[in-house]
Amino acid sequence: MARCEICGKGTSFGHNVSHSNKKTRRVWKPNVQKKRVLINGINKSINICTKCLKAGKIEEYVKKVLTKV
């Protein structure tokens, strides 16, 4: 599964615990979307979680990438 390129959020693992305390493995997957971003005139596709998308962290990511170049 994809990982958020901004915050690094990825798949988490744990247990389903029943009433009888029987444990089975389970997975939590973040809501990661592919979005297209314009960096230096080049369209680049990035994976971003919806939490970062809603917070508007794409602009911060683009600025960080532009200062790195």
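These values consider heavy atoms only, across backbone and side chains, with no hydrogens, waters or symmetry-generated copies. Along the sequence shown, residues carry numbers from 1.
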Stepwise side-chain contact (heavy atoms from CB on, under 4.5 Å) test for His15 and Arg26: CA-CA 5 Å; His15 287 96; Arg26 69 154 294 173; 5.8 Å; no
Step by step, work out the side-chain contact (heavy atoms from CB on, under 4.5 Å) result for Lys64 and Lys57. CA-CA 11 Å; Lys64 186 173 83 172; Lys57 293 186 179 178; over 6 Å; no
Please round to the nearest 0.5 Å and tell me the distance separating atom [atom1] of [X] and atom [atom2] of [Y].
X	Y	atom1	atom2	answer
Glu5	Ser45	CD	OG	8.0 Å
Asn40	Leu66	CG	CG	5.0 Å
Lys22	Asn16	NZ	CG	13.0 Å
Arg3	Asn47	CZ	CG	11.0 Å

What residue among Thr67, Leu38, Val37 forms side chain to side chain contact (heavy atoms under 4.5 Å, CB included) with Val62?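 Among Thr67, Leu38, Val37, the one that satisfies the side chain to side chain contact (heavy atoms under 4.5 Å, CB included) with Val62 is Val37.
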Is there side-chain contact between Ile58 and Leu53, with at least one heavy-atom pair below 4.5 Å?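 They are in side-chain contact.
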Answer yes or no: is there a side-chain heavy-atom contact under 4.5 Å between Pro30 and Cys4?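 Counting from C-beta outward, Pro30 and Cys4 never come under 4.5 Å.
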Write down the atom of Phe13, the atom of Trp28, and the distance for their closest heavy-atom approach.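 Answer, listing the atom of Phe13 first, then Trp28: C-CZ3, 3.8 Å.
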Derivation of the side-chain contact (heavy atoms from CB on, under 4.5 Å) call for Tyr61 and Ile46: CA-CA 10 Å; Tyr61 175 76; Ile46 65 167; 3.9 Å; yes
What's the verdict on side-chain contact (heavy atoms from CB on, under 4.5 Å) for Gln33 and Thr50, showing C-alpha distance, side-chain angles and the deciding distance? CA-CA 7 Å; Gln33 309 287 324; Thr50 52; 3.8 Å; yes
